[in-house]
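Step one of this worksheet: look at the structure below.
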Amino acid sequence: MTNNDIFKKLRVALMLRDDQIVEILELVDFRISKTELSAFFRAENHENYVECGDQVLRNFLNGLVIHLRGTKENPKNPNDVIAKHKAQIPVKEGAKERVEFKAKPKDEQKARGDQKPGQKSAADKKKPFKKPAPKVQVVEKVKYNFGKNKKS
């Protein structure tokens, strides 16, 4: 995975615009213009494509830590910062409101409101456990001395 791929995935995951990325890089005193930044996000076969260097990615990650967590003197909650980014994204035309996707709970039984977590329906009952057939020993019991002589 190249630095450009990492940079693109971070941008999409955090829902950052170009001007926000420039501000994040300025937090660590790294100056870059929007046009230089847009060259990282172009297709690889585009004539103005530029490979994102280690220095740019390193400074972006350091700035991102400061942007999300804040400083020691002025700490921030990262979830609040990400929620703020989501709120700044305009709603698409024709959509009533932005749809939030939530992960399904891991335990389906606990998520049900009509039953207690301990109760199970008839379909969820497990079959009784059957003991497996006894194993047949292929090799007879052999005692190994590991090179030690028996004391007689």
Side-chain angles (χ1 to χ4, degrees), residues 1-133 135 137-139 144 146-147:
M1 184 177 281
T2 65
N3 288 350
N4 287 46
D5 295 336
I6 295 169
F7 207 20
K8 287 176 187 178
K9 289 183 186 226
L10 283 170
R11 178 185 184 200
V12 171
L14 296 170
M15 294 170 270
L16 296 171
R17 298 186 316 264
D18 287 346
D19 58 335
Q20 292 172 324
I21 293 174
V22 170
E23 290 173 9
I24 288 171
L25 286 168
E26 286 178 357
L27 290 173
V28 289
D29 296 328
F30 189 82
R31 309 271 186 266
I32 191 168
S33 67
K34 287 184 185 179
T35 54
E36 290 174 308
L37 188 63
S38 67
F40 300 140
F41 301 115
R42 297 182 189 276
E44 289 184 25
N45 57 2
H46 193 276
E47 65 183 45
N48 293 333
Y49 171 80
V50 176
E51 185 71 29
C52 177
D54 292 340
Q55 183 181 12
V56 176
L57 185 62
R58 178 176 43 90
N59 283 306
F60 175 70
L61 292 173
N62 289 334
L64 190 61
V65 168
I66 295 170
H67 178 71
L68 292 175
R69 294 185 190 167
T71 59
K72 193 172 185 177
E73 297 81 27
N74 187 14
K76 296 179 187 176
N77 184 354
N79 291 331
D80 294 341
V81 176
I82 293 173
K84 183 178 161 186
H85 289 291
K86 285 183 181 179
Q88 291 176 350
I89 297 173
V91 179
K92 293 183 180 178
E93 292 180 19
K96 294 179 183 176
E97 59 184 49
R98 187 175 296 110
V99 179
E100 294 292 328
F101 294 100
K102 294 184 180 178
K104 290 184 178 179
K106 291 182 181 177
D107 189 356
E108 294 284 336
Q109 292 295 328
K110 288 183 180 178
R112 296 190 57 177
D114 59 342
Q115 291 181 353
K116 293 181 182 176
Q119 295 177 343
K120 293 186 179 183
S121 63
D124 292 338
K125 290 186 179 179
K126 294 182 180 178
K127 294 180 181 176
F129 179 73
K130 293 182 181 177
K131 290 186 178 180
K135 294 182 180 179
Q137 287 195 349
V138 179
V139 180
Y144 294 98
F146 299 109

What distance do [X] atom [atom1] and [Y] atom [atom2] have between them, rounded to the nearest 0.5 Å?
X: Asn62; Y: Leu57; atom1: CG; atom2: CG; answer: 9.5 Å
X: Phe60; Y: Leu37; atom1: CZ; atom2: CG; answer: 8.5 Å
X: Leu64; Y: Arg69; atom1: CG; atom2: CZ; answer: 9.5 Å
X: Asp5; Y: Glu44; atom1: CG; atom2: CD; answer: 7.0 Å

The side chain to side chain contact (heavy atoms under 4.5 Å, CB included) partners of Ser38 (sequence neighbours excluded) come to Arg42

Got a sec: does the NZ of Lys8 have more than 12 other heavy atoms crowding it under 6.0 Å?
yes

Shortest non-hydrogen separation from Cys52 to Phe7 and the atoms involved:
SG-CD2, 4.0 Å

Output, in order, the C-alpha distance, side-chain angles, deciding distance and verdict of side chain to side chain contact (heavy atoms under 4.5 Å, CB included) for Leu68 and Lys76.
CA-CA 7 Å; Leu68 292 175; Lys76 296 179 187 176; over 6 Å; no

Establish, from distance only, whether the side-chain atoms of Thr71 and Asn74 form a donor-acceptor pair under 3.5 Å.
no

Check step by step if side chain to side chain contact (heavy atoms under 4.5 Å, CB included) holds for Leu16 and Leu10.
CA-CA 8 Å; Leu16 296 171; Leu10 283 170; over 6 Å; no

Pair up each side-chain donor or acceptor in residues 20-35 with any protein partner under 3.5 Å, not counting sequence neighbours, and list the distances.
{"from": "Gln20", "atom 1": "OE1", "to": "Arg17", "atom 2": "N", "distance (Å)": "2.8"}
{"from": "Gln20", "atom 1": "NE2", "to": "His85", "atom 2": "ND1", "distance (Å)": "3.2"}
{"from": "Gln20", "atom 1": "NE2", "to": "Gln88", "atom 2": "OE1", "distance (Å)": "2.7"}
{"from": "Ser33", "atom 1": "OG", "to": "Thr35", "atom 2": "OG1", "distance (Å)": "3.1"}
{"from": "Ser33", "atom 1": "OG", "to": "Glu36", "atom 2": "N", "distance (Å)": "3.2"}
{"from": "Ser33", "atom 1": "OG", "to": "Glu36", "atom 2": "OE1", "distance (Å)": "3.3"}

Donor-acceptor pair, side chain of Asn4 and main chain of Val50, under 3.5 angstrom
yes

